[in-house]
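Before any comments, here is the structure.
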2 protein chains.
Amino acid sequence: MALRHAVLAALLDGEYSGYQLAKIFDVGVADFWYASPQQLYAELTRMEAGGLVAGRRVTQEGRPDKRVFTVTDAGIAELAAFAAAPAKPLLLRDDLIVKVHASDLLDPAPLVVQLRERAEQAAAKLELFEKMLVRLRGGLEEEPFLRRGERVGPYLTCQAGLRWERQMHEWCLQTARTLEERAARHGGRTAP
Amino acid sequence: MALRHAVLAALLDGEYSGYQLAKIFDVGVADFWYASPQQLYAELTRMEAGGLVAGRRVTQEGRPDKRVFTVTDAGIAELAAFAAAPAKPLLLRDDLIVKVHASDLLDPAPLVVQLRERAEQAAAKLELFEKMLVRLRGGLEEEPFLRRGERVGPYLTCQAGLRWERQMHEWCLQTARTLEERAARHGGRTAP
DNA sequence: ATAGGCATGTAAGCAGTTACATGATTTA
DNA sequence: TAAATCATGTAACTGCTTACATGCCTAT
């Protein structure tokens, strides 16, 4: 039940609806966690029942109503307990890297395509993160902000996301190039 | 059912038992996937029943017998189909980054400890990967190996692991330092 | 002796994915 | 008029985790 902690952490940035959280946890920003909309709606219901978050109905014009959530004191306590407990090892599961591992026995063409796609996605996120860092430090330089800023948590995780995406971008392009050159070398055979 | 593809990819490197795979997928090497021993034993049984891998009993002296597995032609076909299909977006779930995101409201002390621990783990893996790269390219320099080597898949994924762990190591230490300095600045309060 | 490594599983329960369902509004 | 966005869910299924179970061998 670790999704709830990720939700609590995300809700520290402001009030969000299930739909908004779904974007944050999917296409959007949060590079530290992934969750599907269905998961979020279900979890938010449970969390509200458990008193960890409080929902508030917001009426909108030209759009359906939405329910936005805020972290309660009980939610903060839950987060504190979670943070003090030893962290579980990071969970990394990536189809693409599995494919590259097996690439010697496979047709390289679709792999190269997928690597380039992933590289583009990484580049897009990279831009997003860079803008976000600028916005988060609001006029200040990085060092003074990290020393004296009030809320550095999101900044630090954004830095992690930036590092990760930069690394991913480089690796994907380099790997795509390597596989392509090898494919050309072997006389254009499509598969081994 | 994506674990099976990771298992197939791992078994391309050689014959392994469930126990050996468990190490590869846990403490061990495979930075591209995580899986528990129970998961592996169950999945190997299913994969053998489905004809994707073939098990072979190996009698050992001074140790219990083990069953090592090899990928069959059907297994290769399964891998090929998997590689040609569009890749699912990478799945990243990390407790530690969630904690850092919420760090402004939390006691920094246990977080700093956890960040340092993670940094050490990353450093250990880093060393492992560097040795593995040397071993995999077997005497050759990196560039000629990547151009002409026979089996570059594991090398490329190992490079990804190396990049990832290096990045993680740096980020953890930098973040730990930042949180520590801020804690000192705020007059040694344990929590906000 | 006791802890740790080797070796393989079962069973129960929880978490996560996929598919389905609805409906209004805005944009192409 | 079709597609995309906003908005929220349910139901069935699959996959993953946690706890339990066994037993032999080696090193401290």
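Chain letters run A, B, ... following the sequence lines, proteins first, then strands; residues in each count from 1. The model shown is predicted, which means the values in this text are computed figures rather than measured ones.
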Under 4.0 Å between any heavy atoms, over every strand shown, what does [X] touch: base, sugar-phosphate, or nothing? Just pick one.
X     : value
B:L91 : sugar-phosphate
A:R4  : nothing
B:T45 : nothing
A:R93 : sugar-phosphate

Expressed in angstrom and rounded to an integer, what is the separation of [X] atom [atom1] from [N] atom [atom2]?
X     : N      : atom1 : atom2 : answer
B:L21 : C:dT8  : CG    : C1'   : 13 Å
B:D65 : D:dC25 : CG    : C1'   : 13 Å
A:Q38 : C:dC20 : CD    : C1'   : 10 Å
A:K88 : C:dA15 : NZ    : P     : 9 Å
A:W33 : C:dG16 : CH2   : P     : 7 Å
B:I24 : C:dC6  : CD1   : P     : 13 Å
A:Q60 : D:dA7  : CD    : P     : 4 Å
B:L40 : D:dG15 : CG    : C1'   : 13 Å

Is the phosphate of D:dG15 approached by B:Q39 (side-chain N or O, under 4.0 Å from OP1 or OP2)?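 B:Q39 to D:dG15 OP1/OP2: no side-chain N or O under 4.0 Å.
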
Give a yes/no on whether any side-chain N or O of B:S17 is located under 4.0 angstrom from OP1 or OP2 of C:dT8.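 Indeed, a polar side-chain atom of B:S17 lies that close.
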
Protein-proximity profile, nucleotides 23-28 of chain C, B/S/- by nucleotide at the 4.0 Å heavy-atom cutoff, equals B-SS--

Where does the angle between the aromatic ring planes of A:F32 and A:F25 fall among parallel (under 30°), tilted (30 to 60°) and perpendicular (over 60°)?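 A:F32 and A:F25: perpendicular rings.
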
